[in-house]
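This report concerns only the one structure given below.
A, B, ... follow the sequence lines: proteins, then strands. Residue 1 opens every chain.
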Amino acid sequence: MIEFKNVTKSYPNGVHALNRISLEIEDGEFIYIIGPTGSGKSTIIKILNGEEVPDSGLVMVDNVDVGSLKHRKVPQYRRNIGCVFQDYRLLPALTVQENIAFALEVLGLPKKMIRKRVQEVLELVDLKEKARAYPDELSGGQQQRVTIGRAIANRPKILIADEPTGNLDPEKSREIIALLEKINAMGTTVVMVTHDIVLVNEFKKRTITLDQGFVVKDSKKGGYVSV
Amino acid sequence: MRRHFALTFSSVLSIAIALLISMLMLVLAWNVSSFTTNIEEELIVQVSLNPTLDAAGQDELEKEIKEIKGISSVRFSDKEAELEQLIEDYGDTFSQYEGEDRNPLYDVFIVELEDPTQIDAITSQISKMDGVIEATYGTDTVNTMVQLFSSVRIGGLVFVAALICLAIFLIRNTIKLAIQVRKDEIQIMRQVGAMNWYITVPFVLEGLLTGFFGALIPSLICVFGYTALYQALNGVFISELFVLKSPYPFLLYVCGVLFLIGILAGMFGSYLASRKYLRWTR
């Protein structure tokens, strides 16, 4: 479970990214966080990720107080959280399967286990026939699927997706959402930041709308309504 | 390392140059230090005694001189022995002074010192004592030389220390660049939860290798160059006074120092660079 209690965060340049935000996200939920640029969406992700520390308030993820996590404990914490970004962030010199394996090698898992898990993941993201291809030989949608595969390879409890469809056409975006739904159905909590209103209206889920650091709407039934 | 060969090569080269200069300074300082020891061994103060001084006064004076700090030995030599030494050193022209009452020399104390840099002070102290006509030592040139060598030695060490700092700085910069090149990789590692040491260790190893190869080049130059020089000069520099150190085991020490500096500077520089990067964010 993810819990934000009165979380405030401002940056040294004076921007108040989050103002007394309170949120609860249950295990196994799939939620959208939407809002215009500068509304604090990215800051929520950075705090969940352990990159930023809230100025005040409490952020609990699976009973871990993320804000007061010690520097050297952050890596361990991060293993429970998969991240997907708009710009894919794949290593160009590695093939698809190597990119996925890389995330597991870094954790020091045994080779045999890695090989098995990579096959599973490739099947899940439907890229088995592209296993030996390099990222620049893939389309944007395929690259994003690799990134998702890498993010979930370690079976994290939470998957954070920051504008995963930002660079994709509607057709490919639907594929990505379908994949995220598939992952969600397997028990992973999915938090997806987006400003693709078409998608939000088509695949209705709980939708949290942010504006200027405030939660302006938290709709359980989903869909975008102008405020 | 393979992926950014040019970068690694340039850092190896810059470290090699820094260590090469360090090596030259080390060889120089070490040799100068042994020159100084050679010369210092010959540094003695000659104290001429007043002929009117009786045996009791002489004992008194000897005791007094021995009490000065930094004196290693005091030896008495009468004027006949001194004349014989003179004749032996400079030839028979001085034989005319042999015989009763014709010897113009004085009885002397030969004073040897522990610390040659004190020679000036000790000499003037002795010359003020009762029963002493004069106290002299070698020549001004010898004295200047000792001073010069000691400053060369100290200067050399300071220079080497500065170059070590330079080497650390160079390695740190190279690794910083290497980290920039591999920023994406590191970011992904951090994202999937790699421990900080997991990210740091490869860079430290890279720094170690860089330092090792950086030390290899000047070490080879040093081994072959110094041996060749030693043989060409027959083991002495200009005169017999300046005996070069024999290549073995001296060169082993120099190379050992070079590798130690290279490897430690390499590891330390990489550690600094990668630590700094990892501390940017949580």
| By a 4.5 Å heavy-atom criterion (distance strictly below it), what part of A/F102 contacts chain B: side chain, backbone, both, or neither? | side chain
| field | Steps toward side-chain hydrogen bond (donor to acceptor under 3.5 Å, both in side chains) verdict (A/Q212, A/N19) | value | CA-CA 8 Å; A/Q212 300 195 350; A/N19 289 310; over 6 Å; no
| message | Tell me whether B/T210 contacts the main-chain N or O of B/V12 through its side chain, where contact means a donor paired with an acceptor under 3.5 Å. | response | no
| Donor-acceptor under 3.5 Å (A/D162 side chain, A/Q86 main chain) | no
Among [options], residue most engaged with chain B (heavy-atom pairs, under 4.5 Å):
{"options": "A/L91, A/I81, A/N80", "result": "A/L91"}
{"options": "A/R150, A/Q76, A/R72", "result": "A/R150"}
{"options": "A/N154, A/L104, A/N49", "result": "A/N49"}

| task | Test A/R145 against every option in A/V84, A/L124, A/L122, A/V125 by the side-chain contact (heavy atoms from CB on, under 4.5 Å) rule and name the one that passes. | result | A/V125
| note | Listed by number, the residues in residues 193-201 of chain B that come under 4.5 Å of chain A (heavy atom to heavy atom) are B/G193, B/A194, B/M195, B/N196, B/Y198
| remark: Interatomic distance, NZ@A/K46 vs NZ@A/K9, rounded to 0.5 Å, equals 9.5 Å
| Are A/F30 and A/Y32 an aromatic pair by the rule of ring centers under 6.0 Å? | yes
| note | For A/M60, the side-chain contact (heavy atoms from CB on, under 4.5 Å) test, sequence neighbours excluded, returns A/E3, A/L58, A/D65
| message | Less than 4.5 Å apart, side chain to side chain, heavy atoms only: is that true for A/E29 and A/I2? | response | no
